[in-house]
Amino acid sequence: MTNTRSPELQRLLDVTLEVLTRRAPGEEARASLRRIAAAAGRVEPQREAPGSRQPVCEHLGLMLDSLSAHPDLGPLAQAFRAVEPALDWRPRGTNETASANFPTSHANAVFVGPGGIERRNDIWIGVSLLAPHVRYPDHDHAPEETYLVLSNGEFRQEDGDWFSPGVGGSFYNTPGIQHAMRSGDTPLLALWALWNDRAVAA
Ligand SMILES: [Fe+2]
């Protein structure tokens, strides 16, 4: 472990928070992102072990390529690419709401947060990658969350209708709300930023 944040991770955090803030859907999300940005100014220990990939990561290169000409998502994709070798991609647990192919057809990775390159519990910033035709399980968590969607794909909160934010779209999950996502004919890539005020209060 080292207490120095790599320039690649710092750049990723800077670009991510800038794009998220610009595209945040409302004041609740913007307030959450301000708290996250303030906390991110403090560096926590960084894991030095190399990252690891999952089979679904074969889709990642083309997905990041497709963002390269985008005015603000292009720099984000470039920063993502630079930090990606350090990411520890992992599948998450499943439940009966997920598609049968879910366990082998997705992975999550954390830039900063539990299991992240930078290990901490107050802020969680990471990504989910789904192969085509995968339904992510309904899940919820106490920290509020702002998504930045980087591909096609559909999302749902509670039992509402599925919606498509589109590339560069953003939406906000209130604490504890149930939510899910699913891919269609193309893979889904989505970035999320969570503010865990329980860790701060603890
Ligand atoms: Fe979530």
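In this chain, numbering begins with 1 at the start of the sequence shown. We count ligands from 1, going down the list as the structure has it; atoms in each ligand are counted the same way.
For Asp140, every N, O or S atom stays at 2.8 Å or more from the Fe ion (ligand 1).
Under the 6.0 Å cut-off for aromatic ring centres, Phe163 and Phe171 qualify, their centroids lying closer than that.
Closest N/O/S atom of His141 to the Fe ion (ligand 1): NE2.
Only one option out of Glu145, Glu158, Gln157 pairs with His179 in a side-chain hydrogen bond (donor to acceptor under 3.5 Å, both in side chains); it is Glu145.
To the nearest 0.5 Å, the span separating CZ on Arg23 from OG1 on Thr146 amounts to 14.0 Å.
Our summary of the site lists the angle at the Fe ion (ligand 1) between OE1 of Glu145 and NE2 of His179 as 80°, to the nearest 10 degrees.
Remark: Asp161 CG is loosely packed, at most 12 non-hydrogen atoms of other residues, nucleotides or ligands lying under 6.0 Å away.
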